[in-house]
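To start, the structure under review is shown below, and the notes come after it.
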Amino acid sequence: MKIIRKPLCLLLCAVLLFSLGSTCFAANNYSSWFQASYNEIANLGLLPASFVGLDLTKQITRGEMCRLATYAFEKATGNGLDLSEDMNNASFSDTDDPDILKACLYGIVNGYPDGTFRPDALLTRQEFFKIIENFCRSAAFQPTAQGSALNGFSDAGAVAAWARESAQICVGYGYVQGAREANGLFLNPTATTSRQEALAMFLRCYKILKQYYYELVISASVKVDEGNLNVTVTNANKTMYVTTQLLNVRDSWTADSTKVGSLNYNDAVTVTGLCSNGWVRIRYDSHTAYVSGSYLSDSRPTSVVDPVTTTTP
């Protein structure tokens with residue numbers, strides 16, 4: 001599965017900035033330090049239904065983290081997966097939980113080499129760091145690691161090599177703040193993580209993503225002409241087929257936007273929206289992207305493609 005590593009689109013930005021409504025929750029048990037974060041999560045509607053009523057002071061499992069990550073990812077990006085179509089790309093011998101399978105398909109989590117996922121296993125802090133990095137990249141945000149980010153932590157050397165870059169990203173962007181103890185500041189990378197700690201770190205990540213997309217809107221508005229800024233998108237759910245030899249996939253609905261991939265002649269495309277300027281919103285390897293509707297058909301092409309056809313548009 002290809003992973004898009006580019007900004008998404010103005011519609012995605014609008015989803016992040018304007019569609020997050022308040023939600024009322026049943027009582028959860030949590031610590032007093034988490035009150036402010038809990039209130040924010042409630043206002044943003046970021047608490048999955050499966051977390052309602054849980055004791056948030058208890059440790060989070062790998063499966064629960066998938067539910068949290070998948071819920072926030074789909075709320076933020078507007079993406080969704082039809083598991084009946086994508087099941088062949090993700091399976092585990094010990095779980096068929098749809099949120100775990102989706103998190104795997106989105107590129108947020110991985111299983112173990114023996115084919116298991118171990119959904120009931122507790123999540124260590126450094127595993128959480130890695131999941132947060134994966135979440136950012138799957139949502140098209142490209143965080144950069146800061147080599148000096150861990151210098152202030154007494155136990156920086158205890159971070160596993162595979163999690164070091166993720167830890168640097170999480171600390172550098174303020175997702176992780178560490179624990180202040182009498183003899184210094186600690187990351188505690190191998191310790192388990194409580195549900196409320198995971199939610200607090202995830203909230204910080206989500207807020208930075210919102211800021212990122214807001215800035216993308218401002219910068220993009222300079223590059224896109226006024227007519228394209230007024231493009232409207234009508235939701236759709238159908239399969240279309242590529243009619244040109246090579247079709248560019250872009251992060252917005254103009255030929256000047258960033259190329260994020262390509263499609264080949266006769267490829268089937270999942271269409272999620274029709275743009276008023278003739279472009280089409282598609283699901284491209286789990287992500288939202290755009291192609292010119294001039295090169296898509298409702299039925300499979302029957303003619304042989306001209307080998308000299310140029311890339312379009």
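When a residue number appears, it is its place in the shown sequence, counting from 1. Because the structure is predicted, anything quoted here is derived from the model rather than measured. What's counted below: heavy atoms across the whole structure, side chains too, no hydrogens, waters or symmetry copies.
Ion pairing between a basic and an acidic side chain is recognised when a charged N comes within 4.0 Å of a carboxylate O; Arg118 and Asp94 show no such pairing. For the pair Glu127 and Lys130, the salt-bridge criterion is not met [side-chain N within less than 4.0 Å of a carboxylate O].
Both tests do not hold together for Arg67 against Phe51: distance to the six-membered ring centre under 6.0 Å, angle to the ring axis within 45°. Taking the ring axis of Phe186 as reference, the NZ or CZ atom of Arg180 does not stay both within 45° of it and closer than 6.0 Å to the ring centre.
For Arg283 (side chain) and Thr272 (main-chain N/O), no donor-acceptor pair under 3.5 Å exists by modelled atom type. A donor-acceptor contact shorter than 3.5 Å is absent between the side chain of Asp251 and the backbone of Val260. A donor-acceptor pair is defined here as one N or O able to donate and one able to accept, closer than 3.5 Å; no such pair exists between the side chain of Arg125 and the backbone of Thr192. The backbone N or O of Phe34 sits nowhere less than 3.5 Å from a side-chain atom of Ser31 that would complete a donor-acceptor pair. A donor-acceptor contact shorter than 3.5 Å links the side chain of Glu197 to the backbone of Ser194. Judged by distance alone, with hydrogens and angles left aside, the side-chain atoms of Gln126 form a donor-acceptor pair with the main-chain N or O of Ala160 at under 3.5 Å. At least one donor-acceptor pair closer than 3.5 Å links the side chain of Thr254 to the backbone N or O of Ser257. Judged by distance alone, with hydrogens and angles left aside, the side-chain atoms of Asp155 form a donor-acceptor pair with the main-chain N or O of Leu187 at under 3.5 Å.
Asn266 CG: more than 12 foreign heavy atoms inside a 6.0 Å radius.
Judged purely by distance below 3.5 Å, without hydrogens or angles, the side chains of Gln142 and Arg137 pair a donor atom with an acceptor atom. Side chain to side chain, Asn235 and Arg281 meet the donor-acceptor criterion of an N or O pair below 3.5 Å.
Classified by interplanar angle (parallel below 30°, tilted 30° to 60°, perpendicular above 60°), the ring pair Phe73/Tyr106 is tilted.
Pairing each heavy atom of Ser262 with each of Leu246, the nearest pair is OG-CD1, 3.9 Å. Between Ala69 and Ile108 the shortest heavy-atom distance is CB-CG2, 4.0 Å. Contact detail for Asn264 and Asp267: the closest heavy-atom pair is N-OD2, 2.7 Å. The shortest non-hydrogen separation linking Arg300 to Ala268 is NH2-CB, 4.4 Å. The two atoms that bring Asn277 and Trp253 nearest to each other are ND2-O, 3.1 Å, heavy atoms only. The heavy-atom pair separating Tyr175 from Cys205 by the smallest distance is CE2-CA, 3.2 Å.
Between Tyr241 and Tyr265, a ring centre-to-centre spacing not shorter than 6.0 Å is recorded.
Rounded to the nearest 0.5 Å, atoms CZ (Phe117) and CG (Asp97) are 9.0 Å apart. Leu47 CG to Asn28 CG: the interatomic distance, rounded to the nearest 0.5 Å, is 6.0 Å.
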Worksheet item: So Gln196 and Thr57, side-chain contact (heavy atoms from CB on, under 4.5 Å) or not? Walk me through it.
Response: CA-CA 6 Å; Gln196 61 189 7; Thr57 66; 3.9 Å; yes
Item to complete: Test Phe129 against Thr124 for side-chain contact (heavy atoms from CB on, under 4.5 Å), laying out the working first.
Response: CA-CA 9 Å; Phe129 301 162; Thr124 66; over 6 Å; no
